[in-house]
Novice: 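The structure is given below, and queries will be raised subsequently.
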Amino acid sequence: MQNGNSHALLPPGSRLLREAAFLLAATCLLAIASWSLRPDRLPLQASTEQYELDLPAPLLDLDQALRLYEAGSHLFVDIRSIDPTTEPRIPGAFAIRQDSFDDDLLAVSDFLYPEDPLILYGDNNLQEVAAVASRFLERGYEQVFILGGGIDAWRLAGGPVTRGHGGGDG
Amino acid sequence: MAERMTSSAHRAAGEWVVFLCCLLVGGTFLYASLGKIIDPAGFAKAVHNYRLLPAVLLHPFALLLPWLEAVVAVALILGVARRGAALLALAMTVMFTVAVGAALVRNLDISCGCFHTDGGQAVGTSLLVRDIALLLVILVPLLSNYEGWSLVRLLRHRAA
């Protein structure tokens, strides 16, 4: 063992920087791999809306939401007070409205559990969706997300919609 | 002979001190990284609360920093690229200290976001003191002449 006999205060600078560069490169690789593999990955571009409005739940962009819809890993929640026979909604979405939150949640309590990941959407009124998201979080739901742009943006992006009673089949 | 024994004892003590400092710093960084790796959105929110980073850097920072903490921690504990790891640990701790100091000066009532993305310790003077203490501990493996004990060195010693 030869170390410990040097009188220099710091090892040669190039070795120090090489080691730091190696660790930084390893960090980038791990971060990219981790980000790529997560279905609910954080978008690289922060949404100013999310932070300026201080939303209680992360905002998902449409690409992410569509991917999660196709993966079937997340449940969609429609917070609008609409006529389901005439207004389009995302197939399979549970209707849990702000004004009747407790009753609506009770009605689906056999299907919706606190550990289920949820994506909430409305008419692109973020304040309303945020309010419902807060209520879910208060009830112990841990994985709550908000669909950026609402149902209109979903339709424009080619996301499937259904009309009529029942869950639809996407 | 006596001089050689004293020198040897000093060296052993020095190696242990470096090792223990690396263990302390590495353990702290590893513990700090886990919650943030699991919940990058929560960490991004905590970082946003400091009002220091522009929006364009917020999410890349929230995604990279926890992994840097984890990599540096493992490097310190295992003794791989230890001085480089100590340099990065120093840079991160200086950054944390500046951020906490800035939050204190601006009277921001926010959570640190150091170990927990949800709640956690509020930004305050005690946090600043803790960060400065961590800075001093990091200087030991960075500036010491001794490499310090480590798993890697132990394996090398056995192989020799």
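Only a predicted model underlies this, so the values are computations on that prediction, with no experimental measurement involved. Residue numbering restarts at 1 for every chain, and letters A, B, ... go by the order of the sequence lines.
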Novice: For the interface with chain B, which of A:C28, A:P43, A:A57 has the highest count of heavy-atom pairs at distances below 4.5 Å?
Specialist: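 Heavy-atom pair counts peak at A:P43.
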
Novice: Tell me, for A:R38 versus chain B, whether the close heavy atoms (under 4.5 Å) come from the side chain, the backbone, both or neither.
Specialist: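 Answer is side chain: those atoms of A:R38 sit under 4.5 Å from chain B.
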
Novice: Would you say A:L24 and B:L90 are hydrophobically clustered, going by side-chain heavy atoms of ILVMFWY under 4.5 Å?
Specialist: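 Yes, A:L24 and B:L90 fall within the same hydrophobic cluster.
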
Novice: Measure distances from B:A41 to the heavy atoms of chain A and classify the residue's part below 4.5 Å as side chain, backbone, both or neither.
Specialist: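 Both backbone and side chain.
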
Novice: Do the side chains of A:T27 and B:L65 get nearer than 4.5 Å, heavy atoms only?
Specialist: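 A side-chain contact under 4.5 Å is absent here.
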
Novice: Heavy-atom distances under 4.5 Å only: say whether B:L64 touches chain A with side chain, backbone, both or neither.
Specialist: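 Contact with chain A: backbone and side chain both.
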
Novice: Do B:F61 and B:V98 share a hydrophobic cluster (ILVMFWY, side-chain heavy atoms under 4.5 Å, transitive)?
Specialist: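 In one cluster: yes.
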
Novice: Is A:I82 reachable from A:I96 through a run of I, L, V, M, F, W or Y residues, each pair having side-chain heavy atoms under 4.5 Å apart?
Specialist: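 Result: no, two separate clusters.
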
Novice: So what's closer than 4.5 Å to chain B heavy atoms on A:I32: side chain, backbone, both or neither?
Specialist: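 For A:I32, no heavy atom lies under 4.5 Å from chain B.
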
Novice: Answer yes or no: is there a side-chain heavy-atom contact under 4.5 Å between B:L63 and A:L44?
Specialist: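 B:L63 reaches A:L44 side chain to side chain.
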
Novice: Report yes if the side chains of A:Q45 and B:H59 come closer than 4.5 Å at any heavy-atom pair, otherwise no.
Specialist: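 They are not in side-chain contact.
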
Novice: From A:E19 CD over to B:R82 CZ, what is the distance, rounded to the nearest 0.5 angstrom?
Specialist: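 Spacing of CD (A:E19) from CZ (B:R82) equals 10.5 Å.
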
Novice: What residue in B:L87, B:V72, B:V18, B:L68 has the most heavy-atom pairs under 4.5 Å with chain A?
Specialist: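 Winner by heavy-atom pair count: B:L68.
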
Novice: I need the A:L55 CG to B:K45 NZ distance, nearest 0.5 Å.
Specialist: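 The distance works out to 7.5 Å.
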
Novice: Where is the tightest heavy-atom contact between B:L88 and A:A20, given as atom of each residue plus distance?
Specialist: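 Residues B:L88 and A:A20, closest heavy atoms: CD1-O, 3.7 Å.
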
Novice: Within a reach of under 6.0 Å around CZ of A:F22, are more than 12 heavy atoms found that belong to other residues, nucleotides or ligands?
Specialist: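 Atom CZ in A:F22 is not crowded, with 12 or fewer foreign heavy atoms closer than 6.0 Å.
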
Novice: Counting only heavy atoms closer than 4.5 Å, note whether B:A91 contacts chain A via side chain, backbone, both or neither.
Specialist: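 Neither part, no heavy atoms under 4.5 Å.
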
Novice: Which atom pair, heavy atoms only, marks the closest approach of A:L23 to B:A75?
Specialist: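 That would be CD2-CB, 3.9 Å.
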
Novice: Is B:L76 reachable from B:M95 through a run of hydrophobic residues whose side-chain heavy atoms are each under 4.5 Å from the next?
Specialist: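 Yes, because B:M95 and B:L76 connect within a single hydrophobic cluster, where side-chain heavy atoms sit under 4.5 Å apart.
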
Novice: Assigning hydrophobic clusters by single linkage (Ile, Leu, Val, Met, Phe, Trp, Tyr; side-chain heavy-atom cutoff under 4.5 Å), is A:L42 placed with B:I37?
Specialist: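 No, no single cluster joins them.
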
